[in-house]
Visitor: 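Can you read through this structure? Questions will come right after.
We count ligands from 1, going down the list as the structure has it; atoms in each ligand are counted the same way.
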Amino acid sequence: MKYVEFLSVPARSYAAHDDGVVQTGNVKFIEAGCAGCHTVTQKTRNDAPEEFRNIVLRPYTDMKMHTVTDAPYRTPALWGLGRNITLLQENGKQLLLMHDGRATTLDGAIQAHGGEASGSRAAYNAMSSSDKAALIAFLESL
Ligand code: HEC
């Protein structure tokens, strides 16, 4: 399936890297322990076809199973999140997050994190409203 192999991954806009609010949100994302499961980088295997070997990607997932709602689910990748949100908004569709679409906002998705992610949710809830907004802006920039 050469077609699938060459499909590109969601790229972040360059402007996002220079945005001070997004940068703060990035720090808050790490501080709240989100990256404990939404691992920032992954590297492709060194036995993959040559052109795809040892490539560092930023999918924001550890690709592992965790119980944060009612049952174990694989940590979803967060790359492309902002682009998907924009696309849904432009088409008048509702944002449905988590495995069953129980959250319709990013804040709601974070509030739906219990279980193994309870500490992370508590860290987010303890932030100032401007730090929370920065974290959300960071997620939207992915
Ligand atoms: C213990 C691991 C863990 C931690 C810590 C964690 N998450 Fe998650 N996250 C998950 C899992 C697993 C899901 C999917 C759970 C489900 O649907 O039941 C998820 C879902 C999400 C979603 C919804 C994605 C989608 O496409 O539906 C967002 C957004 C998200 N997490 C952001 C965060 C943020 C922000 C933090 C930090 C405040 C965080 N997560 C901390 C494991 C984690």
Visitor: Keeping waters out of it, list the protein N, O or S atoms under 2.8 Å from atom 8 (Fe) of ligand 1.
Guide: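 Listed by chain and number: H38 NE2, H113 NE2.
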Visitor: Closest non-hydrogen protein atom to atom 23 (C) of ligand 1, residue and atom name please, with distance?
Guide: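 Here the nearest protein heavy atom works out to M98 SD, 3.7 Å.
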Visitor: Return the OG1 to CD distance between T44 and E51, rounded to the nearest 0.5 Å.
Guide: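 Reported to 0.5 Å precision, the distance equals 10.5 Å.
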Visitor: Report yes if R74 has an N/O atom closer than 3.5 Å to an N/O atom of ligand 1; otherwise report no.
Guide: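 Such a contact does not occur with ligand 1.
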Visitor: Drop me the distance from R102's CZ to D100's CG, to the nearest 0.5 angstrom.
Guide: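 One gets 4.0 Å once the value is rounded to the nearest 0.5 Å.
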Visitor: Judged by modelled atom types alone, do S141 and R12 share a side-chain donor-acceptor pair under 3.5 Å?
Guide: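 Note: S141 and R12 side chains meet the donor-acceptor criterion.
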Visitor: Give the residue, atom name and distance (to 0.1 Å) of the protein heavy atom nearest atom 25 (C) of ligand 1.
Guide: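 Its nearest protein heavy-atom neighbour is L97 CD2, 3.7 Å.
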Visitor: So, for T105 and L95, which heavy atoms are closest and what is the spacing to 0.1 Å?
Guide: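 That closest heavy-atom pairing would be CA-CD2, 4.3 Å.
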Visitor: How far is atom 12 (C) of ligand 1 from the closest protein heavy atom, and which atom is that?
Guide: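 Ranked first by proximity to atom 12 (C) of ligand 1 is Y73 O, 3.4 Å.
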Visitor: Side chain, backbone, both or neither: which part of L135 comes within less than 4.0 Å of ligand 1 when only heavy atoms are counted?
Guide: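 Side chain only; the backbone of L135 stays clear of ligand 1.
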Visitor: Heavy-atom contacts with E116 under 4.0 Å: which atoms of ligand 1 show up? List them by number with element.
Guide: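 Heavy-atom distances to E116 below 4.0 Å select 1 (C).
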Visitor: Heavy-atom distance under 4.5 Å between the side chains of H38 and P76, does that happen here?
Guide: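 Result yes, sub-4.5 Å side-chain heavy-atom pair found.
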Visitor: For the residue pair Y60 and F29, does the interplanar ring angle fall in the parallel (under 30°), tilted (30 to 60°) or perpendicular (over 60°) class?
Guide: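 Perpendicular.
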Visitor: If you have a sec, work out which protein heavy atom is nearest atom 16 (C) of ligand 1 and how many Å separate them, to one decimal?
Guide: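 Its nearest protein heavy-atom neighbour is H99 ND1, 3.2 Å.
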Visitor: If only side-chain N and O atoms count, and only distance matters, is there a donor-acceptor pair under 3.5 Å linking N125 with Q111?
Guide: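 Yes, because at least one side-chain N or O of Q111 sits under 3.5 Å from a partner of the opposite role on N125.
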Visitor: Do you know which two heavy atoms are closest between A134 and V21, and how far apart they sit?
Guide: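 Closest approach of A134 to V21, heavy atoms only: CB-O, 3.5 Å.
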Visitor: Going by the atom numbers of ligand 1, which of them fall below 4.0 Å from some non-hydrogen atom of G33?
Guide: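 It comes down to these atoms of ligand 1: 5 (C).
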Visitor: Quick one: does L81's side chain get under 4.5 Å of L78's, heavy atoms only?
Guide: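 Yes, at least one pair of side-chain atoms sits under 4.5 Å.
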Visitor: Going by the salt bridge (charged side-chain N to carboxylate O under 4.0 Å, His left out) test, which pairs reach into residues 122-142, not counting sequence neighbours?
Guide: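 Checked against salt bridge (charged side-chain N to carboxylate O under 4.0 Å, His left out) - neighbours excluded - the pairs reaching residues 122-142 are K28-D131.
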Visitor: Closer than 4.0 Å to some heavy atom of H66 - which atoms of ligand 1 meet that?
Guide: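 Within the 4.0 Å cut-off of H66, ligand 1 contributes 2 (C), 12 (C).
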Visitor: About how many Å separate CZ of F138 and CG of L106, when rounded to the nearest 0.5 Å?
Guide: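 Answer for the CG-CZ pair, L106 versus F138, is 11.5 Å.
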Visitor: Please report which non-hydrogen protein atom sits nearest to atom 18 (O) of ligand 1, along with the residue it belongs to and the distance in Å to one decimal place.
Guide: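 Ranking protein heavy atoms by distance from atom 18 (O) of ligand 1, first comes T69 OG1, 2.5 Å.
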